[in-house]
Amino acid sequence: MQANEIYKSLEEKNISARMLASALGVTNQSVSEVIRNGRGSKRIAEAIVKVIQKDLVEVFPHYKKTDCRDKKIAELKEMLGVG
């Protein structure tokens, strides 16, 4: 999603980026950075998608690689019996 679409989705929920920042205990700039660039804090990205009720990868596609990698690592750990 583009930044303007994310802001619009938040607005539809009557939530501002500033309100989200306050709820998360982070700066407004941190939330804006994630919305505009899609990078930064995964915790903030996850909070955004939870509020707008979308899938993480749909809103921030670059997390697809991370999620796939994490899944593969978990599978390898299970296969190898490593904790």
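- Interatomic distance, CE of Met79 versus NZ of Lys72, reported as 8.5 Å (0.5 Å rounding).
- Of all heavy-atom pairs spanning Lys42 and Leu56, the tightest one is CE-CD2, 3.7 Å.
- Considering only heavy atoms from C-beta on, Glu11 stays 4.5 Å or farther from Ser16 through its side chain.
- Rounding to the nearest 0.5 Å gives a distance of 8.0 Å between CG of Leu24 and CD1 of Ile48.
- Contact between Ala3 and Arg36 at its shortest, heavy atoms only, is CB-CA, 3.9 Å.
- A distance-only check finds a donor-acceptor pair linking the side chain of His62 to the backbone of Gly38 [under 3.5 Å].
- Listed here is the closest heavy atom pair of Arg43 and Val26: NH2-CG1, 3.2 Å.
- Within the model, atoms CD of Glu33 and CD1 of Ile35 stand 10.5 Å from one another, a figure rounded to the nearest 0.5 Å.
- Dense packing is recorded around CD of Glu58, with more than 12 heavy atoms of other residues, nucleotides or ligands lying under 6.0 Å away.
- The shortest non-hydrogen separation linking Ile52 to Ile6 is CG2-O, 4.5 Å.
- Formation of a donor-acceptor pair under 3.5 Å by the Asp55 side chain with backbone atoms of Val57 is found in this model.
- Between Lys13 and Gln53, some side-chain heavy-atom pair lies under the 4.5 Å cut-off.
- Minimum heavy-atom separation, Val59 to Lys54: CG2-CB, 3.5 Å.
- Taking every heavy atom of both residues into account, Tyr63 and Ala45 meet most closely at CE1-CB, 3.9 Å.
- Annotation: Glu78, atom CD; neighbour count of heavy atoms from other residues, nucleotides and ligands within 6.0 Å does not exceed 12.
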Walk me through it: do Ser30 and Ile44 pass the test side chain to side chain contact (heavy atoms under 4.5 Å, CB included)? CA-CA 8 Å; Ser30 295; Ile44 294 172; 3.8 Å; yes
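- Judged by distance alone, with hydrogens and angles left aside, the side-chain atoms of Ser32 form a donor-acceptor pair with the main-chain N or O of Asn28 at under 3.5 Å.
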